[in-house]
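Everything below concerns the one structure shown next.
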Protein chains: 2
Amino acid sequence: MVTGSMDTEIIIAIVAIVFFIVGVYLHKKSLHTDPFPKTGVNLEKTKSLEISPREYEVLKEVALGLSNKEIADKLFVSESTIKTHVSNLLVKLNAKRRTHAIQIAQELKII
Amino acid sequence: MVTGSMDTEIIIAIVAIVFFIVGVYLHKKSLHTDPFPKTGVNLEKTKSLEISPREYEVLKEVALGLSNKEIADKLFVSESTIKTHVSNLLVKLNAKRRTHAIQIAQELKII
DNA sequence: AAATTGCTCATACTAAAGTACCAAAATGGG
DNA sequence: CCCATTTTGGTACTTTAGTATGAGCAATTT
């Protein structure tokens, strides 16, 4: 070393270690600032797509793999109603069929 | 400070900054050690489910929202062939229909 | 009050999806 | 070469999905 006694070198080493740890710690903490996009963003986008609350509800069931009849029973409405909702969803999501709608919805992160 | 000249303090400060940066950098890098589940894990599970390579290929297309006819054209085979593959996939994935198969496949993280 | 919007449901079809069953090539090891 | 598996394909149906159209009802909004 150019300058510095034994004591000085020890102090520098300690400072190095401490700031290294601080660096790791702060970076780790900085990564915990975005786990909020859980709920909230979804409904925002559905609005811009003009998807109604009921349609959105149906969309989620479709994505779970349920048939129109199964969704109808689950939501206590007729199958006709579900067909209407799904049909409207396809138009609004610009999808050719329900599987396509699922893919698009996932890409838009609305489900 | 107990001991140390002006020069010493500057050195300590520099060391602190350098190791702080090193700390941040190494921690950041340490988070890039698992991006391997890209490919590899998938094929493992498909084996356990006895899903053939071709069936797996069809599964991915189904998940993209394509129709049987579209998949057939894309893979240069007949629609009958795709129907056979999809039917086999439903049995192997224990799904009632293609949308259900998508959901199950995603849950198993094989797509 | 009148118009709008969302949810509901029906009828009548057309179009995909899915099942069942069978069978011929193609492929990859042993 | 033979065998097992995969991939391919067809026919014949049954079942879901999806479209088109019209309409009644309740809650808002204007």
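First the proteins, then the strands, lettered A, B, ... as listed; each starts at 1.
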Any side-chain N or O of [X] under 4.0 Å from OP1/OP2 of [N]?
X     : N     : value
B:H85 : D:dT7 : no
A:T81 : C:dC7 : no
B:S52 : D:dT6 : no

* To do: Could you tell me whether B:S78 contacts a base, only the sugar-phosphate backbone, or nothing, with contacts defined as non-hydrogen atoms closer than 4.0 Å?
  => sugar-phosphate
Please round to the nearest 0.5 Å and tell me the distance separating atom [atom1] of [X] and atom [atom2] of [Y].
X      : Y      : atom1 : atom2 : value
A:I21  : A:L26  : CD1   : CG    : 12.0 Å
A:Q103 : A:H100 : CD    : NE2   : 6.0 Å
B:L75  : B:I82  : CG    : CD1   : 5.0 Å
B:R97  : B:L90  : CZ    : CG    : 9.5 Å

For the pair made of [atom1] in [X] and [atom2] in [N], what is the distance, rounded to whole Å?
X      : N      : atom1 : atom2 : answer
B:I51  : D:dT5  : CD1   : C1'   : 16 Å
A:L89  : D:dA17 : CG    : C1'   : 14 Å
A:R54  : C:dT5  : CZ    : C1'   : 16 Å
B:E55  : D:dG9  : CD    : C1'   : 15 Å
A:E57  : C:dC7  : CD    : P     : 9 Å
A:L75  : C:dC7  : CG    : P     : 12 Å
A:H100 : D:dG18 : NE2   : P     : 13 Å
B:E50  : D:dA4  : CD    : P     : 16 Å

* Can you tell which of C:dC9, C:dC7, D:dT7 lies closest to the side chain of B:P53? -> D:dT7
* **Residue pair A:R54 / A:N88, side-chain donor-acceptor N/O under 3.5 Å** => no
* Under 3.5 Å side-chain donor-acceptor pair for B:S78 and B:T81 -> yes
* Would you give a per-nucleotide map of nucleotides 14-30 of chain C, 5' to 3', where B means the base has a protein non-hydrogen atom under 4.0 Å away, S means only the sugar-phosphate does, and - means neither? => ---BBB-----------
* Asked: Between A:K47, A:K60, A:K92, which is the residue that forms a salt bridge (charged side-chain N to carboxylate O under 4.0 Å, His left out) with A:E55?
  -> A:K92
